[in-house]
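Encoded as structure tokens, the structure appears first; notes follow it.
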Number of protein chains: 2
Amino acid sequence: MPEIRAQEGSKKPPSRRLAPDARAQQILEGAISHFAEYGFDGGTRALAAHLGISQALLFRYFPNKAALIDRVYEVVFLNRWNPEWKALLMRRDLPLTTRLTSFYKDYNRSIDRYEVIRISLFSALRNESISQRYVARLREQLIAPIVAECRAFVGLPAPVSLPLHPLEEELVLGLHATVIYGIMRKHVFHAAPPTDPDFMIELQVEGFVRFASEAFQRVHAHVLKSGERAGQPPPHVASIS
Amino acid sequence: MPEIRAQEGSKKPPSRRLAPDARAQQILEGAISHFAEYGFDGGTRALAAHLGISQALLFRYFPNKAALIDRVYEVVFLNRWNPEWKALLMRRDLPLTTRLTSFYKDYNRSIDRYEVIRISLFSALRNESISQRYVARLREQLIAPIVAECRAFVGLPAPVSLPLHPLEEELVLGLHATVIYGIMRKHVFHAAPPTDPDFMIELQVEGFVRFASEAFQRVHAHVLKSGERAGQPPPHVASIS
DNA sequence: TGCCTTGCTTATCGAATGATAAGCAAGAAC
DNA sequence: GTTCTTGCTTATCATTCGATAAGCAAGGCA
């Protein structure tokens, strides 16, 4: 009878004395999935247990919990940006529909991950500065360029002569929303029917571009009509009833 | 010289010995704004301090923290639903555009609140059952009826003879997304330009209805073409890189 | 003015949190 | 097989968490 290793505890045979780099990487990946599931208040003990290591070991590889979270942010936010997106969107040798379709298919593929969308939301709800920086980059690198391309597409003046208006951004963000909200339905609200994201993106982009000309014209007319008196924000209702 | 009340501590003159109902209501409202800001891991001590009362008093009015959170959910989710929405959406004596526009203006007005959107997200990220019940109601009471109305509008068979397809719902959710994501940008990502929500809703609905006929036709063609082999979910990528 | 109900606070509990210190033992080097 | 480096665990820290118990005092009532 071969010597059976008395099953110690429950399940931690596949981890003993890793090389420091490997262990750090393992902890980081475990932290990503742990914090994505339970938020950043998910305890370090639960994380360690999930990794099959002792809780103290975490602090040998990361000085404190905040530092570990910062590394998580780095992976989720910074490493997930494709600098070629902007260039793709501005390639006027391609039809606007083609550019938007292939961009959003790629963008969708890049962020349609349980960990990414949930950690993004957890950090945004914490008002983390990295989240706000991501939003700013999104605006400057993607939304604003798309607005500019739409301007060119519908025959309106370029942003250099006529500055971008928030309502134009919002128009584009309407298209953006269909992609983001779809991912959120899947990973946050757990209400995603099995579907074909590429087909839906083709459809949404087609609808957007088809209506773009009229929409941008109407936005410009609306802006002129309301005398650019910087639409006062809607009255903030006090009680919540 | 009038007797100045030695400023005790910092600021808690406007609260002593309230009637039980008033105190309970005050705590509930404070909890809503506290949990909306810091999530449900926001401590009871911080909540009490914000209310200018002792932490122990909370447990005199609510048996435990979970019970308080349940009351918060009640206010945010249940009290915020207008049962007339479905009827409005189905009023075929009105043009579809009119119905959608006035519905989404009202819906937007109803949920465009800092506390509502943030608490909804916090609870969804916790996989709370009430959040999932809200999503189910949204589907059954709003999205499905809109799909049915669109079917009628574009001349497709009613759901009784041809069951709703997830892709059709997703088409409608694209419109829904523009409203929800706009609210999230404002209260979660803090990236909302001052804008005119009613105007944007008119525009988005107009674009949606204008493209609805072709979109629904293409969805049906797509469903037939892919032989209804229940689109296999996209391969779940393992590493997060 | 005095009493007496009751709304509220102070003090404290055990469990859980992030983090530290000391020592065990795996496994390469010889 | 022995040694020695070092990856890892056990034990413990102070702090903070939700929750409880005992007692103070505000203010209506007489």
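The shown structure was predicted, so the numbers you read here are calculated from the model rather than taken from an experiment. The chains referred to below are lettered A, B, ... by the order of the sequence lines, with proteins before strands, and numbering in each begins at 1.
Residue Arg17(A) has its side chain nearest to dA26(C) when only dA19(D), dC8(D), dA26(C) are considered. Side chain of Arg45(A), nearest nucleotide from dT12(D), dA11(C), dA21(C): dT12(D). Comparing atom distances between the Thr44(B) side chain and each of dT9(D), dG18(D), dT20(D) picks out dG18(D) as nearest.
For Arg23(B) against dG7(C), a side-chain-to-base donor-acceptor contact under 3.5 Å is absent. With hydrogens and angles left out, the side chain of Arg60(B) and the base of dG7(C) share no donor-acceptor pair within 3.5 Å.
Donor-acceptor pairing under 3.5 Å is lacking for the side chains of Glu128(B) and Gln132(B). For the residue pair Thr44(A) and Gln55(A), a side-chain donor N or O sits within less than 3.5 Å of a side-chain acceptor on the partner. For the residue pair Glu170(B) and Thr195(A), a side-chain donor N or O sits within less than 3.5 Å of a side-chain acceptor on the partner. Checking Tyr114(B) against Glu37(B) by side-chain atom types alone, a donor-acceptor pair falls below 3.5 Å. Side-chain atoms of Ser33(B) and Glu115(B) include no donor-acceptor pair closer than 3.5 Å.
Ser54(A) has no side-chain polar atom (N or O) that falls below the 4.0 Å cut-off from OP1 or OP2 of dT10(D).
Checking Gln55(B) against Ala19(B), the closest nucleotide of DNA chain C that is more toward the 5' end is the one next to Ala19(B).
Between the two ends of the helix from dT1(C)-dA30(D) to dC30(C)-dG1(D), each summarised by a five-pair axis, the helix axis turns through 0° (rounded to 10 degrees).
Between Tyr181(A) and His176(B), the ring planes lie tilted relative to each other; the angle falls in the 30° to 60° range.
Take Glu149(A) and apply the salt bridge (charged side-chain N to carboxylate O under 4.0 Å, His left out) test, not counting sequence neighbours, and it matches Arg92(A), Arg99(A).
Scanning residues 61-73 of chain A for heavy-atom distances under 4.0 Å to DNA chain C yields Asn64(A), Lys65(A).
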